[in-house]
Structures are given as C-alpha cells and as structure tokens.
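See structure below.
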Amino acid sequence: MEKAREIQIYNTLSRSKEVFEPITPGKVGLYVCGPTVYGDAHLGHARPGITYDVLVRLFRHLGYKVRYVRNITDVGHLENDGDAGEDKIEKKARLEQLEPMEIVQTYTLRFHDAMRKLNTYPPSIEPRASGHIIEQIAIVKDILDKGLAYISNGSVYFDVCEYSRSHNYGALSGRNLEDMISNTRVLEGQDDKHSSADFALWKKASAEHIMRWPSPWSDGFPGWHLECSAMSAKYLGDELDIHGGGMDLMFPHHECELAQNTAARGKGGVKYWMHNNMITINGQKMGKSLGNFITLDELFTGSHKILEQAYSPMTVRFFILQAHYRSTLDFSNEALQAAEKGLKRMLQAAKDVKNLKVAASVVEKGVADEIQQIRENIYTALCDDLNTPIALSYLFDTVRIVNQVKDGTMIIGAGEKAVLESLFTNITDGVLGLVDEQTGADGASVNTKVLDGVINMVLEERKVAKATKDWAKSDKIRDDLKALGIGIKDTKDGSEWTLE
RNA sequence: GGUACCAUGGCCGAGUGGUUAGGCAGCGGUCUGCAAAACCGUGUACAGCAGUUCGAAUCUGCUUGGUACCUCCA
C-alpha cells in the first residue's frame, strides 16, 4: 500500500480542482449514478464504470477505505417529463410481454456481466430504487413539511420557485432559473405543475401503470431524481464525499438531487461532484435516444456493422483510460486498433519485467534516478484529478526500459527491478486495472501448466529443426501453432510463445 | 433562442507562457535463416485574424467551425 498523498479532484460545484479532504479521515464515501436497466449497456456506460472504478482503486491503493455505492434504477425513469410519460422499464416490459421486474433482472445481470468483463470492481452496495420506496416517501414528506413542495392531483412536485427564494437552484449546472422557465420547451400534459421548472417527487399512477406503491398522496411511484437522494443518504449518510455520474446527468438529475437534499436536510449532502464526459461517435454523443450507440456486447464480439473487428474488454478499458475522463472521447476503429496494439505492448512488458536479469554490480546512478522520477510522475498524474493519459504515457517509459533491459542495452540492479515490478503490479494492474485477459480477473480457464509443457515440447522439436537448418519444418511448426492461436517469437535466448 | 464547452502533427489524445507528452501509423537503421517482437533515429502540430508580452499553441478580444445541456440519456 502506498502512502497517502494529496489528491486533487475537479469539483463541478466550484468548477475547479480542489484538494480532496475526506469527511471522515481515511474513509471515502462515493455514490455513482448507475444505469436504468431497460436495455443493454453500451460503450457510453463503460466510461463512468471504468472512471469511477479507477478512482476507487486509486483511493484504496493510497490506503483509504472506500464505500462505493452505485444504484440500479428500476423504477421512476420516464420517457419524458409530461404526465403521460411512460416508465422506460414498463414500456420495455410491454413491448417484450414480460413483467417489469423480469426486464430489470435481465438487464441488471447483463450490465454486471459487461462490467465484470471490463475488470471493474463491483460496488460495495448496489441498491435499487424499487427497494427504497419507504425512504423516498420519507423525503417527500420532509420536503412537504418544509413548504418546498406541493400536492397536485395526487402527485407531489418540488416547488422550484419557492426553493429559489432561499437557495440557488442552478448552483451545480450553472443555470439561471428565469432563463430555464422562459426557455423550457412546452410539453404535453404538464397541467399539474405550477411551473415548468418544477419536478416530480411522487407521481400518481395511471390505471394501466403496473409499478405502483401506496403513499399518503396516491398509489403511485417516486420521481426519478428522488432515488439517489434517498439511497445516498441511507448508505453514505447525510453528507458524503463524492458523487459521480455522466455530464448529461448534471441537469436536471443532479441539480434536482442537490435541491432535494438541501430542502430535506438543510444541506447539499455532497462535498465533491464529479462528472465524466461523453463518448462520441463521429463527433456526436453516443446515446440510446440517438440510436447511434454500440453495445458492449457488440463491441466485444464485433457484431455491429460499423465495427471492423471485435475489440476485447481490455482494449476498451485502455482506450477509455487514454483520454482524460473530463474530455469527450471519439470512437473510431482506427483509435481502438491503436489502443489494442499499445495495450499489447504494455502487457507484454508487464510479463517480461518479472524475468529481467539484474546486475550484481553497481548500476549507473542515472538509471535508478530516472526510474524513481517516472514512478513519482505516475503518482502525481493519477492524483491530479485522475490524469490517466499522463500516467499511461509515463508507464510507457517504463515499458521501454523493460524492453531495453531485456535487449541487454540497459542494465539495472535488483532495486530498480523491484520498483519497475511494483509499478506494473500496483499501477498498470492494480489502479488502472489493465490485465492480461488470459490469466486475468476474467478467469478464462486456460490450463497453463499443461499447455506450457506441451508447447515447450513442440518448441524443442522446432529448435532441433532450426539447428539443422530445416527451415521448412521450423516454419511449419510456427505456422501450425499460429493457426491454433499461439504466436512464436524467436529471441537470442530461445523461443517465446503467447496466446493470441 | 438561452447556457456551457471544444478546435493540437496521418489517426487518437495529454499538456504548459519560453525546454521531447504518450499511443498507433509512416520513414531510415540495428537485430534476425525468414518472420514476429524489440531497440535506436526520424515529425519544425497546435482553426483563422488581431492584441498583451522580451517571448503564446498556452492569456485577451473577435471570426469561423463543432459539440453538449435546456425532453430521456453514462
């Protein structure tokens, strides 16, 4: 475990980087908005999944105890904000003639599967909105008691205008309430609201609405924004360290959450708001509503017409980490292919570092200093608002060093080797979560012991062929192994093989 | 229309008022039976115009182009 370091985080609330100071020393409470489970996870979902995973890994590596809460939205998320807006999950259930909770279960499991493939840690707690109706009703009551909400035709709405008298609605998203009201598009069936800026805390269910719960106001269901206020408070307390999510959730979702927290508890409840940027495709946001998304499954199998090939989960992870989380990242086959090759080189070095030969005698001072400096640069980059692209660029410096030592053009001692090894173990694998998928967390069951023995036998045959300059035989062995997905590289010290 | 943000070499993508980001591709070389890999060398990039400055791709203004949010979205 690395010693504690100062970590800077860009806080959307202040629009600047701030030094992270935990509310409770040594502990981090992190809440991240999870998916609404009415469809397959797409490349866009991988961004927050991986970004906050790296954040969690970094905090843990630096000695913090992290409670990572990421919810599953399984109720309350409507197609639009009008009274006639249909619940996304109910709609999907109707289309597929299934129970809403069958939809929820199906896509929750598929989401888990995709996140596992991307080598993300599961959250410490993964609460569902439908399991926290009581908590949500309690918050509605609280806000009503404070006079910051009103009941209208069985539904309860947050009174944004009243709230704005004493608080700044728009503090997080940087919006101005008057602009919002005058510029809001007119939606159908908003007659129950006093103002277009108001948002639902509780909605009365129409006769055909399946997902409904009793409440003091009507049989109905909670508003979308309410679940995060309820679940973050329940599991992380009235005040939590970090709340993360996609930039597209900043408004209205997080703005409303902030307003709800403030109205109910008298404080915003979140110290640092983090927002990851979007992944774009041809310069445009990738999203369900735009229909231009690629699901993670399609990406992993190559089954989408714009994909030139399949891309492994690790390639996707590396691709995402090569850009800063607050920048947009544009998808292209070329960029993914570049990522695939870069990752391969890095992971090969991660393997090779373990077998480097070290010099017993004194090593040039410069080399040791250089390695120490690279190490320092990597930590500095990661602690500077999670600058993974910079960390990766320094990691590639270590890759070059490993290869030079392997080639014999550089000499290091045992101390230097230990530092290099620790960087690959703790940073490449530990914090960035980049692992060789054959042996990695994915658990692909390759019986390496048996395979190793068999291939070495074959390679011994080839060695004999090479020694007698029987190139035809030696090349045939190499070609046949390649056809089986085993690559051969000849080096000075013999042949190496890898599973491709 | 309102509010933000962005524009970097063939592609992706960092970054800073003056010194090499990095990855991928390309080119030249080393190594090698060949191949692969690796290593070495190699790019005078920062949308345009004007200004501030000893010096700007980095600051300011304008112009152009693009994106996001204001409906649901990671």
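Every chain is numbered from 1, with letters handed out A, B, ... down the list of sequences. This is a predicted model, so every value here is computed, not measured.
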- request: Take atom P in B:G43 and the same atom in B:G23, then report the distance between them in whole Å.
  value: 15 Å
field: ring-ring contact (aromatic ring centres under 6.0 Å, His included) involving A:Phe318 - partner list, sequence neighbours excluded
entry: none
statement: Sequence neighbours excluded, the answer for side-chain contact (heavy atoms from CB on, under 4.5 Å) partners of A:Thr498 is A:Gln348, A:Lys351, A:Glu500
field: Partner set under side chain to side chain donor-acceptor pair (under 3.5 Å) for A:Arg47, not counting sequence neighbours
entry: none
field: Whether A:Tyr394 stacks on the six-membered ring of B:G22 base, 5.5 Å and 30° limits
entry: no
message: What's A:Met278 touching, base or sugar-phosphate or nothing? Going by heavy atoms closer than 4.0 Å.
response: base
message: Does the protein touch nucleotides 9-14 of chain B at the base, only the backbone, or not at all? Give it as B, S and - per nucleotide, heavy atoms under 4.0 Å.
response: --SSSS
- prompt: When the P atoms of B:G18 and B:A56 are considered, how many whole Å apart are they?
  reply: 11 Å
query: Rounded to the nearest Å, what distance is computed from the OH atom of residue A:Tyr311 to the P atom of nucleotide B:G23?
result: 20 Å
task: Could you run through nucleotides 35-43 of chain B and give me one letter per nucleotide, 5' to 3': B if any protein heavy atom sits under 4.0 Å from the base, S if only the sugar-phosphate is that close, - if neither?
output: BBSSSS---
message: Could you tell me how far apart A:Met346 (CE) and B:G23 (C1') are, to the nearest whole angstrom?
response: 9 Å
task: Would you kindly check whether a donor in the side chain of A:Asp475 faces an acceptor in the base of B:G33, or vice versa, at under 3.5 angstrom?
output: yes
message: Applying salt bridge (charged side-chain N to carboxylate O under 4.0 Å, His left out), can you list everything that pairs with A:Asp330, at least two apart in sequence or on another chain?
response: none
Enumerate donor-acceptor pairs with a distance under 3.5 Å from any side-chain N or O in residues 243-255 of chain A to protein atoms, sequence neighbours excluded.
unit_1, atom_1, unit_2, atom_2, d
A:His243, ND1, A:Glu257, OE2, 3.2
A:His243, NE2, A:His254, NE2, 3.4
A:Asp248, OD2, A:Lys285, NZ, 3.3
A:His253, ND1, A:His225, ND1, 3.0
A:His254, ND1, A:His275, NE2, 2.8
A:Glu255, OE1, A:Leu172, N, 3.3
A:Glu255, OE1, A:Ser173, N, 2.7
A:Glu255, OE1, A:Ser173, OG, 2.6
A:Glu255, OE2, A:Gly170, N, 2.9
A:Glu255, OE2, A:Ala171, N, 3.2
A:Glu255, OE2, A:Leu172, N, 3.4

message: Taking the six-membered ring for Trp, are A:Tyr163 and A:Phe158 closer than 6.0 Å centroid to centroid?
response: yes
- prompt: Got a sec, which pairs hit side-chain hydrogen bond (donor to acceptor under 3.5 Å, both in side chains) with one end in residues 335-344 of chain A, sequence neighbours left out?
  reply: A:Glu308-A:Gln337, A:Gln309-A:Gln337, A:Gln309-A:Glu340, A:Tyr311-A:Gln337
message: Would you measure the distance from the P atom in B:A57 across to the matching atom in B:G51 and give it in whole Å?
response: 14 Å
Close residues, residues 243-251 of chain A, relative to RNA chain B [heavy-atom separation under 4.0 Å]: A:Gly245, A:Gly246, A:Asp248, A:Leu249, A:Phe251
message: Using the side-chain contact (heavy atoms from CB on, under 4.5 Å) criterion, which residues pair with A:Pro48? Sequence neighbours excluded.
response: A:Tyr52, A:Asn276
- prompt: When you check the gap from the basic side-chain N to the acidic O, do A:Asp113 and A:Lys117 get nearer than 4.0 Å?
  reply: yes
- prompt: For A:Ser152 and A:Ser155, does a side-chain donor sit closer than 3.5 Å to a side-chain acceptor?
  reply: no
field: Length of the line joining A:His42:NE2 and B:C72:P, which is rounded to integer Å
entry: 16 Å
task: Applying side chain to side chain donor-acceptor pair (under 3.5 Å), name anything that partners A:Gln373, two or more places apart in sequence or on another chain.
output: A:Asn377
field: Nucleotide B:C70, atom C1' - distance to CG of A:Leu177 in whole Å
entry: 13 Å
query: Reckon A:Ile279 touches a base, only the sugar-phosphate, or nothing at all at heavy-atom distances under 4.0 Å?
result: base
message: I need the CZ-P distance between A:Phe199 and B:C69, as an integer number of Å.
response: 20 Å
query: Hey, mind stepping through A:Lys193 and A:Asp198 against salt bridge (Lys or Arg N to Asp or Glu O under 4.0 Å) and telling me if it holds?
result: CA-CA 7 Å; A:Lys193 286 191 197 177; A:Asp198 295 346; over 6 Å; no
message: Suppose you measure atom C1' in B:U53 against the same atom in B:G10; what distance do you get, rounded to whole Å?
response: 34 Å
- prompt: Rounding to a whole Å, what distance do you find between A:Asn377:CG and B:U20:P?
  reply: 15 Å
message: Any carboxylate oxygen within less than 4.0 angstrom of a Lys/Arg side-chain nitrogen, looking at A:Arg462 and A:Asp490?
response: yes
Test side-chain contact (heavy atoms from CB on, under 4.5 Å) applied to A:Phe59 and A:Ile242, step by step: CA-CA 12 Å; A:Phe59 273 123; A:Ile242 303 171; 3.7 Å; yes
message: Can you give me the closest heavy-atom contact between A:Leu201 and A:Gln260, atom names plus distance?
response: CD2-OE1, 3.4 Å
query: When the P atoms of B:G22 and B:U42 are considered, how many whole Å apart are they?
result: 11 Å
- prompt: In terms of side-chain geometry, is the basic nitrogen of A:Asp470 or A:Lys466 positioned less than 4.0 Å from the acidic oxygen of its partner?
  reply: no
message: Suppose you measure atom P in B:A68 against the same atom in B:A74; what distance do you get, rounded to whole Å?
response: 16 Å
query: Is A:Lys285 touching bases, backbone alone, or none of the nucleic acid, heavy atoms closer than 4.0 Å?
result: base
message: For the P atoms, the ones on B:U20 and on B:G41, what distance do you get once it is rounded to whole angstrom?
response: 14 Å
- request: Would you mind classifying the nucleic acid contact of A:His253 as base, sugar-phosphate or nothing, using non-hydrogen atoms under 4.0 angstrom?
  value: nothing
- prompt: How long is the line joining NZ of A:Lys473 and C1' of B:C34, in whole Å?
  reply: 18 Å
task: Anything below 3.5 Å on both distances counts as a pair; with that, list the stems of at least three consecutive Watson-Crick or G-U pairs involving RNA chain B.
output: B:1-7 with B:64-70, B:10-12 with B:22-24, B:26-30 with B:38-42, B:47-51 with B:59-63
message: Please report the distance separating the C1' of B:G55 from the corresponding atom of B:C12, rounded so that it comes out in whole Å.
response: 31 Å
- request: Please work out if A:Gly44 contacts a base, only the sugar-phosphate, or nothing of the nucleic acid, heavy-atom cut-off 4.0 Å.
  value: base
query: Atom CD of A:Glu255 to atom P of B:U71: distance rounded to whole Å?
result: 13 Å
